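Everything on this sheet refers to the single structure shown next.
Sequence lines set the chain letters: A, B, ... in the order given, protein chains first and strands last, and positions in each chain run from 1. In this text the structure is predicted, and so the values were computed from the model without any measurement. Side chains are part of it too, since the values below use all heavy atoms of this structure and drop only hydrogens, waters and symmetry mates.
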Amino acid sequence: QSVLTQPPSVSGAPGQRVTISCTGSSSNIGAGRHVHWYQQLPGTAPKLLIFGNTNRPSGVPDRFSGSQSGTSASLAITGLQAEDEADYYCQSYESGLTVSYVFGTGTKVTVL
Amino acid sequence: QVQLVESGGGVVQPGTSLRLSCAASGFTFSRYAMQWVRQAPGKGLEWVAVIWYDGSGKYFADSVKGRFTVSRDNSKNTLHLHMSSLRAEDTALYYCARENFGISGYPFDYWGQGTLVTVAS
């Protein structure tokens with residue numbers, strides 16, 4: 001099964017903007033499959049951050065935004081805050097004869 | 001509020017079996033597909049299995065196909081993951097999650113805290 005490729009780490013100073021890429025293929029993101037993003041704070045379960053490429057669940061700050069184009073998607077965090085230091089994962093679906101889900105490799109965001 | 005509570009993890013020997021459970025509350029369990037996702041120590045998330053809301057569809061990652069199965073009891077709001085022929089590489093924190101077909105793209109909108117499975121001799 002495929003995986004979605006993310007950079008292992010990104011960092012930024014408080015207040016800065018950082019972006020995390022999620023690169024897929026024609027069998028998942030490029031096939032029009034939606035992308036979701038999850039935030040995993042240290043020692044906790046993942047939490048839904050962005051769904052359907054661009055939508056924020058209730059309670060998620062508008063500092064977080066998602067986009068998608070072609071075979072890739074991106075998560076942007078503007079006005080970076082210390083509490084944003086976490087692991088971030090994208091997730092999508094594989095097109096094919098069976099049902100299959102795929103996660104990104106994960107990105108550690110460090111607030112300098 | 002939505003709650004998912006996993007149980008059943010532990011230390012087991014290679015080749016043995018284990019059953020994980022996930023107790024759901026705070027929503028109409030029988031209306032949602034449910035997922036199992038695992039995370040090996042220090043590693044990323046890996047999708048394991050899904051079961052449709054009524055149990056009619058069950059799908060698995062290639063890494064567990066033929067060894068794991070999934071079931072649910074909608075009368076008891078409980079999800080199970082039946083794991084057999086366990087290998088060292090199955091060592092992970094196992095999460096159950098709800099898949100929400102009611103919002104765009106059907107994300108996993110609620111997760112439990114996970115139960116740890118360690119496969120070691």
Worksheet entry | Proximal to chain B - members of residues 38-57 of chain A, heavy-atom separation under 4.5 Å | A/Y38, A/Q40, A/T44, A/A45, A/P46, A/L48, A/F51, A/G52, A/N55

Worksheet item: Do A/S100 and B/W47 come close enough that some side-chain heavy atom pair is under 4.5 Å?
Response: yes

Worksheet entry | Ring centers of A/Y93, B/Y106 separated by less than 6.0 Å | no

Worksheet, complete the sentence: In terms of heavy-atom contacts, A/F103 and B/L45 come closest through CB-O, 3.6 Å

Fill in: Approximate separation, where rounding is to 0.5 Å, of B/F108 CZ and A/Y89 OH
14.5 Å

Worksheet item: Does the A/H36 side chain pair with the main chain of B/G105, one donor and one acceptor, at a distance under 3.5 Å?
Response: yes

Worksheet item: What about B/L81 and B/V11, same hydrophobic cluster or not, with Ile/Leu/Val/Met/Phe/Trp/Tyr joined at side-chain heavy-atom distances under 4.5 Å?
Response: no

Discussion item. Membership question, hydrophobic clusters at under 4.5 Å side-chain separation (ILVMFWY): are B/V5 and B/V48 in the same one?
Written reply: no

Do other residues, nucleotides or ligands put more than 12 heavy atoms under 6.0 Å from the [atom1] atom of [X]?
{"X": "A/F64", "atom1": "CZ", "answer": "yes"}
{"X": "B/Y110", "atom1": "OH", "answer": "no"}
{"X": "A/R63", "atom1": "CZ", "answer": "yes"}

Worksheet item: For B/E99, is it the side chain, the backbone, both, or neither that has a heavy atom closer than 4.5 Å to a heavy atom of chain A?
Response: side chain

Practice prompt. Please identify each residue that fulfils salt bridge (Lys or Arg N to Asp or Glu O under 4.0 Å) with B/R38, with sequence neighbours left out.
Written response: B/E46, B/D90

